[in-house]
Chemist: 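Have a look at this one before I ask anything.
Just so we're clear, the structure is a prediction, and the values are computed from it rather than from any experiment. Each ligand, and each atom within it, is numbered from 1 in the order the structure gives. Position 1 is the first residue of the sequence, and the numbers go up from there.
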Amino acid sequence: MNFLTQFQETLKNAENIAIFTHKNNDHDCICSAVALQIIIEQMFGKKSTIFVDKMPTEAILCFCPHKNFSVTALKEFDVGITVDCAGLNLLCDESLKVFQRCKTTFNIDHHKDNTDFATFNYVKRGFSSCCEVLFWLFEKHFSLTFALAKAFYTGILMDCGMFCYSSANSKTLLCASKILKAFPEVKEGFFVCFGVAGFENFSITKKAFESVRFYENRQIAVSILRKSDFEECGCKREDGKFIVSYLQNIAGVKIAISISEDDKNEWRISLRTPCHDIDVSKIAHKFNGGGHKQASGLTLKGELEKALKALVLESKKELK
Ligand SMILES: [Mn+2]
């Protein structure tokens, strides 16, 4: 039985359905979860619960205006479906507990390091986004409403660097084209996201730029922000999310690294590369992180200079 048939057979008989997103939720996993919830409602007339590690930020919700997320594990589910999750280590503790009690589990994803952890796995490795995987998987079964179109389009656009990463191919653009043909207005709003920043955002970017250190003839650029920097600028760690993209736009930079302090001696690190022949997920994997060839992330604990040294060393290896 193929994945889709198995999915339909299982969902037909399911009473309680849970959808799980990954830790440090992003546009793609939230939009995938919301899209899947709409698809399940259309196909089976059933409600489902979306589990998140924390409430998505306003930057995500403005594109995906959805209110009913669950952060606590309250009940048992017949079916558990993960979206955009490469492995069980990507689920927060609460979500993992509920997921492990589900009778049947499904895993729908696009990460190449996905560990096929569910009863049924549908992993399209290297696809632009989980939203694109969902689009093609269910294409013949959903009717494209505006809410569904907006969720798909947002997840795709945000996960492949506005169609710039190597993961965005002709099929991705075909998918975007089908969405835009039905709802041209889904394009609205993204300019604000990429083109305009609030003053707090500007201030933290300025601080990040001042902190930049270069290595290997400016092929590696690293920005470092501490908790105190965010406090001084009156913003959250999420507000510094796009700094790493600025760094990779500096001519000559092959690996961009942004480091921000999450907790005392706990560093959240984003890696990007504009080069199609460099794979930053290899660097992330060395430190138990993960992600994609051109965009990955990880968390490091310990003293900053030591963590930085290890990170730069692994980056140098990847340059060769
Ligand atoms: Mn994704």
Chemist: Is it true that a side-chain atom of Glu261 and a backbone atom of Lys227 form a donor plus acceptor pair closer than 3.5 Å?
Modeler: yes
Chemist: For the residue pair Tyr153 and Phe163, what are the closest heavy atoms and their distance?
Modeler: OH-CE1, 4.0 Å
Chemist: Within less than 2.8 Å of the Mn ion (ligand 1), any N, O or S from His292?
Modeler: no
Chemist: Decide yes or no on side-chain hydrogen bond (donor to acceptor under 3.5 Å, both in side chains) for Ser223 and Ser211, but give the supporting numbers first.
Modeler: CA-CA 5 Å; Ser223 70; Ser211 79; 4.9 Å; no
Chemist: Restricting to N, O or S atoms, which atom of Asp159 is closest to the Mn ion (ligand 1)?
Modeler: OD2
Chemist: Indicate yes or no for a side-chain donor-acceptor contact from Asn121 to the backbone of Val123 under 3.5 Å, with no hydrogens or angles considered.
Modeler: no
Chemist: Does any N, O or S atom of Asp84, backbone or side chain, fall under 2.8 Å from the Mn ion (ligand 1)?
Modeler: yes
Chemist: Nearest N/O/S atom of Asp28 with respect to the Mn ion (ligand 1), by atom name, please.
Modeler: OD2
